[in-house]
Amino acid sequence: MKRKPNYLKHVLQWGVLAAIAVTVIWSSLADKAVDVEKYCPFGGLQAFGTYLVNNSLACSMSMLQIMMGLALAVGVILFSKLFCGYLCPLGTVGEAMGRIGKKLHVQVEIRSGSVADRLLRVVKYVLLFTILYNTLSSSELFCKQLDPYYAVATGFKGEIVLWMSLTSLVLLLLGGFVVKMFWCKYICPLGAASNIFKFTWLLLAAAAVAWILGLLGIEGIWVWVVGATCLASYLIEMIKLRSCTFPLMYVTRDASSCNGCGLCTKKCPYNIRVQDLAKVKHVDCTMCGQCISSCATGALQFNGRKSLRWVPGILTVVLFAVAVWLGSTTELPTIDEKWGDYEQVEGLQTYRLDGLQTVKCYGSSKAFSAKMQTVAGVYGVKTFVRRHGVEVLFDPAKTDTVKIQAAIFTPTQRKYATPSADVPVLGVLKLGVEGLHDRMDMVYFGMALQKIEGIYGFTAEFACPVDVTVYVDPAVPVTEEQFEEAINARELVIPGKEEDKVFPMHTVLKSYAPAGEVTREEFAQVMFREIEALKGRFVANQEKWGDSEQYPQAIYEMELPSIEKPLVRRSFPYFKSFLSCQDGIMSLDFVLRETTPVMRIHYVKSMWDDARIWKEIFQAEKWTLRMADGTFKESDPQLKFSVEGHTVEE
């Protein structure tokens with residue numbers, strides 16, 4: 001009988017490696033970051049475990065990864081370890097190293113079922129438990145620190161621990177060179193997870209125990225369940241080396257057709273003694289079909305049927321495609337948090353809102369949750385970072401959707417320019433704008449308005465729709481049509497050096513009306529309100545040097561027009577923290593001189609002078625910052641100062 005190599009296996013294996021290589025090379029040449037673990041099923045299994053344990057997904061975990069992990073689990077339970085046999089780049093490299101080692105006659109055989117073989121199998125379960133423990137405890141993918149694929153694909157620039165990554169790489173390459181499929185059989189934690197899926201009844205029992213103990217309110221039980229499952233799986237593997245009921249697809253051997261040549265065992269990447277088995281349910285079997293391809297008598301088939309010859313490879317492609325589709329169309333919440341006595345509150349409702357651009361990762365989701373916990377009557381939130389959506393659980397007897405919207409909204413003022421002295425009066429326009437939900441909406445809205453000539457600035461206060469006051473140059477004709485074009489646009493395009501940046505917009509202009517005039521000075525006062533709020537007293541220093549008779553004080557003044565820029569204001573809290581760490585610096589405030597903001601630093605006269613303030617504060621090479629937990633850390637200066645100030649008498 002003519003042998004038929006499993007061409008589909010080789011096409012998939014080397015196709016995956018080629019795709020990875022092309023992607024990495026392209027990203028390097030284009031200087032664009034690429035998520036090299038985007039399709040990683042092991043990362044997906046960890047992400048799904050994190051969601052089950054912590055009700056949250058960190059930024060590094062995606063829905064696509066989760067679906068890849070679940071597809072792997074389904075594939076193993078029903079059809080065996082298809083990912084390992086057809087797609088895994090580490091498995092492909094391990095096989096190649098084994099072939100090279102065999103040709104060079106340097107391989108050492110560890111016979112399947114020997115004492116050494118059974119003992120070495122514990123390593124991958126220890127690694128699996130270690131990875132799961134650290135990942136589920138931190139909600140971050142710990143496996144990145146030691147994954148040889150991730151290290152190589154990122155050029156050793158990713159989130160790695162160098163000695164771990166190098167050790168893993170040596171075990172993959174040198175181990176596979178000396179011992180056939182060394183990594184896959186003894187080291188790979190995903191291989192251990194796949195074997196647990198093969199022991200399906202054990203997996204279901206562990207899940208049932210975890211669910212029951214969770215209902216009983218036992219905290220942290222997942223550690224013991226994961227540990228016990230890993231230990232039990234290793235013992236089953238060490239003792240039996242095979243699964244029972246699952247998977248439902250496997251290689252069968254027709255004893256009447258078998259001539260006992262043993263070629264199937266020689267061709268098996270894992271040295272499984274196929275010639276001695278009626279059903280190949282060995283834990284190492286990946287349904288790669290090498291044994292079937294090698295059989296000259298046709299004694300080996302998938303489930304005893306020739307028609308299933310190419311099914312495992314086809315199923316691998318189908319499962320991959322389904323996982324990609326589900327990963328792009330479904331979404332788990334990044335966080336799902338509830339608080340207070342929500343279980344005792346009747347009639348809770350859910351407010352849903354999409355398009356919150358500030359909800360873009362795990363950290364911003366936690367920040368949103370913290371904000372909602374300050375709203376009376378709100379009992380929980382879910383966030384969905386892909387669609388920038390939130391679901392807020394609230395008691396309609398205590399709050400309503402308008403109050404929730406008001407809590408989400410960020411009042412904003414933006415100054416684009418200072419009117420010159422020959423513009424003594426500014427025109428005022430009142431706009432009603434829908435779709436301004438959060439801070440990023442206001443950022444994009446401000447960038448859109450900035451494109452209209454003649455606008456000096458605007459303020460926005462919450463209302464339904466949002467109340468926007470725009471200040472314009474009366475000498476420049478500004479029309480309602482210009483505002484409609486800017487505000488109703490679906491996208492905001494900002495030209496860049498290499499390519500334009502495009503931001504989504506969902507704002508709608510609902511009303512437009514002239515609202516009188518203000519003087520140049522009145523406009524400056526309006527824009528000064530947000531700056532004035534940056535003032536601060538340094539409590540620790542006040543307690544130590546606050547006696548003005550014993551410690552006379554002075555004021556150092558500096559004109560600071562740059563404080564009107566949003567980027568400068570966002571960095572200013574770091575400067576305040578730095579000031580609070582300086583002995584004898586008592587407080588900070590701002591005043592408006594004509595139309596220019598002036599920063600004032602109150603200090604103890606005997607401890608500072610103008611020269612020292614300029615050198616040690618405004619020209620400091622490092623800033624010492626006081627952290628929220630009371631600790632201190634050094635940072636590079638976040639702001640630069642170019643014009644010296646001077647001391648004035650208090």
Side-chain angles (χ1 to χ4, degrees), residues 59 328-329 331 334 351-361 363-365 367-368 371 381 383-392 401-402 404-417 428-472 476 478-513 515 527 530 564-567 569-570:
C59 301
S328 62
T329 56
E331 186 173 14
T334 301
Y351 172 62
R352 294 177 175 84
L353 180 63
D354 288 342
L356 293 180
Q357 299 300 319
T358 49
V359 178
K360 56 187 178 181
C361 65
S364 58
S365 295
F368 178 82
K371 178 184 285 189
V381 297
T383 64
F384 302 86
V385 298
R386 178 189 294 161
R387 66 173 192 265
H388 305 291
V390 298
E391 293 181 3
V392 181
T401 57
V402 174
I404 294 172
Q405 291 173 28
I408 296 172
F409 181 80
T410 302
T412 301
Q413 63 182 50
R414 186 67 45 80
K415 184 178 180 181
Y416 300 129
V428 179
L429 301 174
K430 285 287 188 180
L431 312 181
V433 182
E434 286 186 349
L436 293 174
H437 301 301
D438 66 356
R439 179 176 57 80
M440 289 309 299
D441 287 334
M442 296 306 310
V443 170
Y444 299 151
F445 176 77
M447 295 168 74
L449 285 193
Q450 194 171 8
K451 293 185 174 184
I452 302 176
E453 185 181 358
I455 296 181
Y456 285 106
F458 74 90
T459 63
E461 300 292 337
F462 180 77
C464 293
V466 171
D467 183 8
V468 179
T469 303
V470 183
Y471 300 88
V472 300
V476 179
V478 179
T479 66
E480 182 176 354
E481 288 72 23
Q482 288 177 290
F483 282 96
E484 285 182 342
E485 182 180 353
I487 295 172
N488 295 349
R490 296 300 89 199
E491 292 180 337
L492 172 68
V493 180
I494 303 297
K497 291 183 180 179
E498 298 181 356
E499 59 182 2
D500 294 345
K501 294 183 178 180
V502 180
F503 304 98
M505 291 186 65
H506 42 261
T507 47
V508 178
L509 179 64
K510 302 300 292 185
S511 63
Y512 172 95
M527 292 294 123
E530 192 173 23
E564 295 177 330
K565 298 178 181 179
L567 286 176
R569 286 202 297 275
R570 282 199 285 273

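Source: prediction; values computed, not measured.
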Quick one: [atom1] on [X] to [atom2] on [Y], what's the gap to the nearest 0.5 Å?
X      : Y      : atom1 : atom2 : value
Asp438 : Thr358 : CG    : OG1   : 3.5 Å
Glu491 : Asp500 : CD    : CG    : 11.0 Å
Met442 : Gln413 : CE    : CD    : 11.0 Å

Please tell me if the side chains of [X] and [Y] come closer than 4.5 Å, counting only heavy atoms from C-beta onward.
X      : Y      : answer
Ser365 : Val385 : yes
Pro504 : Gln357 : yes
Phe483 : Leu429 : yes
Val468 : Val470 : yes
Val390 : Tyr351 : no

Hydrogens and angles aside, do [X] and [Y] bring a side-chain donor and acceptor to less than 3.5 Å of each other?
X      : Y      : result
Glu484 : Tyr512 : no
Thr469 : Lys430 : yes
His506 : Asp354 : no

**Item:** side-chain contact (heavy atoms from CB on, under 4.5 Å) evaluation trace for Gln405 with Cys464
**Value:** CA-CA 9 Å; Gln405 291 173 28; Cys464 293; 4.1 Å; yes

**Request:** Carefully, step by step, assess Val476 and Val472 under the rule side-chain contact (heavy atoms from CB on, under 4.5 Å).
**Result:** CA-CA 8 Å; Val476 179; Val472 300; over 6 Å; no

With distance as the sole test, does [X] use its side chain to make a donor-acceptor pair with the main-chain N or O of [Y] at under 3.5 Å?
X      : Y      : result
Gln482 : Thr479 : yes
Thr507 : Ile487 : yes
Arg490 : Asn488 : yes

**Message:** Glu564 and salt bridge (charged side-chain N to carboxylate O under 4.0 Å, His left out): which single residue from Arg569, Lys415, Arg414 fits?
**Reply:** Lys415

Throw together a table of side-chain donor-acceptor distances under 3.5 angstrom for residues 448-463, partners on residues two or more places apart or in other chains.
from   : atom 1 : to     : atom 2 : distance (Å)
Lys451 : NZ     : Val493 : O      : 2.7
Tyr456 : OH     : Asp473 : OD2    : 3.3

**Asked** Of all residues at least two apart in sequence or in a different chain, which pass the ring pair (Phe, Tyr, Trp, His ring centres under 6.0 Å) check with Tyr444?
**Response** Phe503

